[in-house]
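Remember, it's a predicted structure, so these values are computed and weren't measured experimentally. Counting begins at 1 with the first residue of the sequence.
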Amino acid sequence: MHCNERIIAPSLLAADWARVGDEVARAEDAGADWLHLDVMDGHFVDNISFGPQMVATACRAAGIYCDTHLMIHRADHYLDAFLETGTHNISIHVEANYDTDIRTTLRRIKAAGRDAGIVLNPATPFIRALPYLDDQLDLL
């Protein structure tokens, strides 16, 4: 993918969760390239969304690329559960993983055959991502 390529990636957060399969199909029919899955734990961010079971349900329903964005503390601790969901990409926050080895988490994602990404909060300086740019990131 080229950095100037446009990707339409609606978030499952905007869906009616009682109708996940229908909502995923609606996004695909509208031209979505990816399905974006925002996982929030109520600690790293104030909101709580859903966990691996909902990600797996959405990925089973999707015929498009599934992009999972972990806005959680200790992504390493929950990583195996998210790797089993069928998602194509898992992105982690550098800010949420201060007490773990981010590089090891990225390597585990890649070793499982998934794409890996680093995410920064808007207030975080880009310099925080620089140590990971050589780690075969698929998404930044």
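With sequence neighbours left out, His69 forms a ring pair (Phe, Tyr, Trp, His ring centres under 6.0 Å) with His36, His93. With sequence neighbours excluded, the residues satisfying side-chain contact (heavy atoms from CB on, under 4.5 Å) with Asp16 are Ala18, Arg19, Glu23. With sequence neighbours excluded, the residues that form a side-chain contact (heavy atoms from CB on, under 4.5 Å) with Leu133 are Phe126, Leu130, Leu137, Leu140. With sequence neighbours excluded, the residues satisfying side-chain hydrogen bond (donor to acceptor under 3.5 Å, both in side chains) with Ser91 are Asn89. Partners of Ala25 by side-chain contact (heavy atoms from CB on, under 4.5 Å), not counting sequence neighbours: none found. Residues that satisfy the side-chain contact (heavy atoms from CB on, under 4.5 Å) test with Arg108, not counting sequence neighbours, are Asp76, Leu79, Asp80, Thr104. Under the side-chain hydrogen bond (donor to acceptor under 3.5 Å, both in side chains) criterion, Tyr65 pairs with Asp115, sequence neighbours left out.
Among residues at least two apart or in separate chains, ring pair (Phe, Tyr, Trp, His ring centres under 6.0 Å) pairs with a member in residues 4-30 are Trp17-Phe50. The side chain to side chain donor-acceptor pair (under 3.5 Å) pairs that include a residue from residues 44-57 are Thr57-Arg60, where partners are two or more places apart or lie in different chains.
When all heavy atoms are compared, the tightest approach of Ile64 to His88 is O-CE1, 3.6 Å.
A 6.0 Å sphere centred on OH of Tyr132 holds more than 12 heavy atoms belonging to other residues, nucleotides or ligands. When the shell of 6.0 Å around CZ of Arg103 is examined, it contains more than 12 heavy atoms from other residues, nucleotides or ligands.
Clustering ILVMFWY residues whenever any of their side-chain heavy atoms sit less than 4.5 angstrom apart, transitively, puts Ile90 in the very cluster that holds Leu13.
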